[in-house]
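Since we're looking at a predicted model, the values are computed, not measured.
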Amino acid sequence: MPEEKTGRDGSVQSLRRAFELLEHLADTGGEASLSELATTSGLPMPTIHRLIRTLVALGYVRQNTNRRYALGARLIRLGESASMQFGTWARPLLAELVDEVGETANLAVLERDEVVYVAQVPSKHSMRMFTEVGRRVLPHGTGVGKAILSQLPAEEARALLGRTGMPAYTEHTITSADELLHHLTTIAAQGYAVDESEQELGVRCVAVPLTGTPAPAAVSVSGPEGRLTKDAVSRIAPVVQRVAATLSEHLASEELSA
């Protein structure tokens, strides 16, 4: 049996290439042909054939009836488990955020075009916001979703919105892709997003994207409009930005040490 080729850093070449193919599939929206994978990856077709057959056999890739390949269901459990562990790791910083601003803090990541809440530390107020960990929502109508979308290239954000649609959760939800994309430029410039009763009436949310993370993510603070006033937003936003920066730095150091 031939010995596996290794890179200069000691990594196994075939394993690295397999994960690169999975990432290329994700970058194409989750589905691609072998020729498209050859173009985007630069790998020879025989290598792609061999890797794809292995990934299909393991359930990490599936072949659709149109003979194109898509991400497999077996990845769902891995992704959800990693997200939940990420949330557990971030809870102490979310708790510090709650202590400082007095409102509920959330952490969410983008998975398969949806925003998934992976951690929450509730406010100590009797009237507080509660979002179940594991809940999935479309990104256009949430503070964390808009913060995440603001970090994506415009064409990628538009393609995502086209796949998910933009249903109205409340009368304040932005349902036009052009309007939202214009709004995202403002969010990117100021460094935070505000959900103005777009997901739930009477609730305001301040969200800040994480940067340099393996998956798009955002941290937020949410509360009733009566407490989380527009004046309070200007005071709270820098605090949320600081916590988001700390989370990003911790994740970057974890990546470097891995």
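- With sequence neighbours excluded, the residues forming a side-chain hydrogen bond (donor to acceptor under 3.5 Å, both in side chains) with Glu225 are Ser197, listed by chain and number.
- Scored by the side chain to side chain contact (heavy atoms under 4.5 Å, CB included) test, Arg50 finds Thr47, Arg53 as partners (sequence neighbours excluded).
- Under the 4.5 Å side-chain contact rule for hydrophobic residues, Leu138 and Val116 do not share a cluster.
- Side chain of Ser41 to main chain of Leu21: no donor-acceptor pair is present (N/O by atom type, distance under 3.5 Å, no hydrogens or angles).
- In this structure, the side chain to side chain contact (heavy atoms under 4.5 Å, CB included) partners of Leu97, at least two apart in sequence or on a different chain, are Val101, Ala105, Val219, Val221, Val239, Val240, Val243.
- Here Asp195 pairs with nothing under the side-chain hydrogen bond (donor to acceptor under 3.5 Å, both in side chains) rule; sequence neighbours left out.
- With sequence neighbours left out, Arg242 forms a salt bridge (Lys or Arg N to Asp or Glu O under 4.0 Å) with Glu100.
- Closest of all the heavy-atom pairs between Pro167 and His140 is O-NE2, 2.7 Å.
- The CG atom of Asp99 sits 11.0 Å away from the CG atom of Leu94 when rounded to the nearest 0.5 Å.
- Taking Asp178 as the reference, Arg158 meet the salt bridge (Lys or Arg N to Asp or Glu O under 4.0 Å) condition, with sequence neighbours excluded.
- For Glu96, the side chain to side chain contact (heavy atoms under 4.5 Å, CB included) partners are Leu93, not counting sequence neighbours.
- Remark: Thr142 OG1 to Glu200 CD distance equals 12.5 Å, nearest 0.5 Å.
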Which pairs of donor and acceptor atoms, one on a side chain in residues 181-194, lie under 3.5 Å apart (sequence neighbours left out)?
| from | atom 1 | to | atom 2 | distance (Å) |
| --- | --- | --- | --- | --- |
| His183 | NE2 | Lys146 | NZ | 3.2 |
| Thr185 | OG1 | His182 | O | 2.5 |
| Gln190 | NE2 | Tyr192 | O | 2.8 |

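- In this structure, Ile174 is not a member of the same hydrophobic cluster as Leu201, with clusters built from ILVMFWY side-chain heavy atoms closer than 4.5 Å.
- Gly143 and Cys205 get closest at one heavy-atom pair: CA-SG, 4.3 Å.
- Note that the CG atom of Leu110 and the CD atom of Gln151 stand 12.0 Å from one another [nearest 0.5 Å].
- By the salt bridge (Lys or Arg N to Asp or Glu O under 4.0 Å) test, Glu36 is found to be paired with Arg68, residues two or more places apart in sequence or in another chain being considered.
- Atoms CG and CD, from Leu55 and Gln63 in turn, are 13.0 Å apart once rounded to the nearest 0.5 Å.
- Both Leu43 and Ile52 belong to a single network of hydrophobic side chains, linked directly or stepwise wherever heavy atoms of I, L, V, M, F, W or Y lie under 4.5 Å apart.
- Applying the side chain to side chain contact (heavy atoms under 4.5 Å, CB included) test to Thr39 and every residue at least two apart in sequence or in another chain returns nothing.
- Gln120 and Arg91 get closest at one heavy-atom pair: O-NH1, 2.6 Å.
- Placement of Val144 and Tyr169 in two distinct hydrophobic clusters is found when ILVMFWY residues are connected by side-chain heavy-atom separations under 4.5 Å, directly or transitively.
- The structure places CG of Leu228 at 4.5 Å from CD1 of Ile236, a figure rounded to the nearest 0.5 Å.
- Here the shortest heavy-atom pairing between Ala217 and Val109 reads CB-CG1, 3.8 Å.
- Pairing each heavy atom of Ser123 with each of Arg227, the nearest pair is OG-NH2, 4.3 Å.
- Minimum interatomic distance between Ser222 and Asn106 (heavy atoms only, all atoms of both residues): OG-ND2, 3.4 Å.
- Scored by the salt bridge (Lys or Arg N to Asp or Glu O under 4.0 Å) test, Glu114 finds Arg136 as partners (sequence neighbours excluded).
- The backbone N or O of Val206 sits nowhere less than 3.5 Å from a side-chain atom of Ser220 that would complete a donor-acceptor pair.
- At a threshold of 4.5 Å between non-hydrogen side-chain atoms, the residues Thr54 and Tyr60 do not count as touching.
- Residues passing the side-chain hydrogen bond (donor to acceptor under 3.5 Å, both in side chains) test with Ser35, sequence neighbours excluded: Ser33.
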